[in-house]
2 protein chains.
Amino acid sequence: MEGFGEHLREVRERRRAVDNSFSVRQLAARVGVEPSYLSKVERGQQPPPSEKTIAALASELDEDPDVLLALAGKVSGDLQSIIRRRPKLFADLIRQLKDMPDHAVLRLVREVRDGEW
Amino acid sequence: MEGFGEHLREVRERRRAVDNSFSVRQLAARVGVEPSYLSKVERGQQPPPSEKTIAALASELDEDPDVLLALAGKVSGDLQSIIRRRPKLFADLIRQLKDMPDHAVLRLVREVRDGEW
DNA sequence: GGTAGTGTGTAGTATATAGTACACGCATGG
DNA sequence: CCATGCGTGTACTATATACTACACACTACC
């Protein structure tokens with residue numbers, strides 16, 4: 001599995017190839033952290049940053065925040081609070097979907113979205 | 001909303017009414033924490049304990065761990081890791097279910113469980 | 001009246017989280 | 001040659017998390 005830092009570096013470098021403003025320093029400034037910190041995170045010398053910082057990174061890099069959070073070993077706070085409001089309901093559902101293939105879960109997502117029920 | 005400590009105290013006292021081994025001291029011993037700590041948690045003087053300790057409490061008190069964790073403002077680690085494995089999929093699904101009524105979500109749970117698809 | 005068990009107050013601690021501050025050496029362009 | 005920007009190394013810090021250790025006062029029993 002690819003780590004958070006590794007992925008971050010790849011994505012940033014890719015952006016940087018066409019836009020110099022994606023240097024460690026400038027990105028760090030926009031995201032609101034020290035360059036050295038971001039550098040260490042990218043090289044896995046520091047654990048992934050907070051949810052807030054990850055969200056800012058996702059926004060700057062045009063990445064999916066949930067995916068980035070997942071790579072960081074986290075689940076976004078808003079998802080957690082949805083679950084916490086009805087813990088039994090969501091716990092059951094999620095555990096039951098644990099081993100379902102992607103396409104099955106995806107079908108469920110679509111069904112709910114399209115209101116077919 | 002009822003707090004974690006409040007709920008814990010109520011449940012424990014209820015058990016204690018028919019079984020003296022549910023004193024703060026004895027329960028704390030079985031759960032593996034100091035009595036004074038448990039006491040403070042019950043009175044809200046300390047924030048809720050770790051997931052591990054909450055799980056032990058749930059087991060001793062015969063309570064649903066997910067519900068107890070929810071009252072503590074947490075979501076169980078195993079649910080989180082299920083979500084992290086397929087972040088986009090689960091994030092979409094959960095956010096879409098956010099405002100659905102209980103019975104609708106419940107129907108979904110049953111559908112999945114009974115394999116009607 | 002001592003012993004066992006109870007709840008709780010005070011003080012302290014170990015570890016993790018989430019970073020900052022600053023300096024260094026390299027490279028590139030004017 | 002020097003100013004600008006770059007990535008990174010070292011050292012430090014503030015806050016939160018999750019508790020422990022011990023003592024105290026009270027009650028109940030025999």
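Naming: A, B, ... by sequence-line order, numbering from 1 per chain. Here the structure is a predicted model, which means the values were calculated and not measured. Both backbone and side-chain heavy atoms feed into the values below; hydrogens, waters and symmetry mates do not.
The pair B:Arg113-A:Asp92 does not meet the salt-bridge criterion, since no charged nitrogen lies less than 4.0 angstrom from a carboxylate oxygen. With respect to B:Arg86 and A:Asp102, a salt bridge is recorded, a charged nitrogen being found less than 4.0 Å from a carboxylate O. Salt bridge status for B:Glu60 with B:Arg30: present, with a side-chain N to carboxylate O gap under 4.0 Å. Between A:Arg95 and B:Asp78 there is a salt bridge, since a side-chain N of the basic residue sits under 4.0 Å from a carboxylate O of the acidic one.
One finds a side-chain N or O of A:Ser23 lying less than 4.0 angstrom from the OP1 or OP2 phosphate oxygen of D:dC6. Put simply, A:Arg16 has no side-chain N or O that comes within less than 4.0 Å of OP1 or OP2 on D:dG5. The shortest distance between the side-chain N/O atoms of B:Arg43 and the OP1/OP2 oxygens of C:dG7 is not below 4.0 Å. Phosphate contact (OP1/OP2 of C:dT8, side-chain N/O of B:Gln45, threshold under 4.0 Å): absent. At least one side-chain nitrogen or oxygen of A:Arg9 sits closer than 4.0 Å to the OP1 or OP2 atom of D:dT8.
Atom pair A:Glu42:CD and D:dG7:P shows a separation of 8 Å (rounding to whole Å applied). Rounded to a whole Å, the CG atom of B:Asp19 is 15 Å from the C1' atom of C:dT6. If you take CG of A:Asn20 and P of D:dG5, they are 12 Å apart, rounded to a whole angstrom. We find that CZ of B:Phe22 is positioned 18 Å from P of C:dG5, with the value rounded to whole Å.
By the 6.0 Å and 45° rule, A:Arg12 does not stack over the aromatic ring of A:Phe22.
Side chains of A:Ser36 and A:Ser39: no donor on one and acceptor on the other come within 3.5 Å.
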- Note on the structure: Protein-proximity profile, nucleotides 18-30 of chain D, B/S/- by nucleotide at the 4.0 Å heavy-atom cutoff, equals SBBBB--------
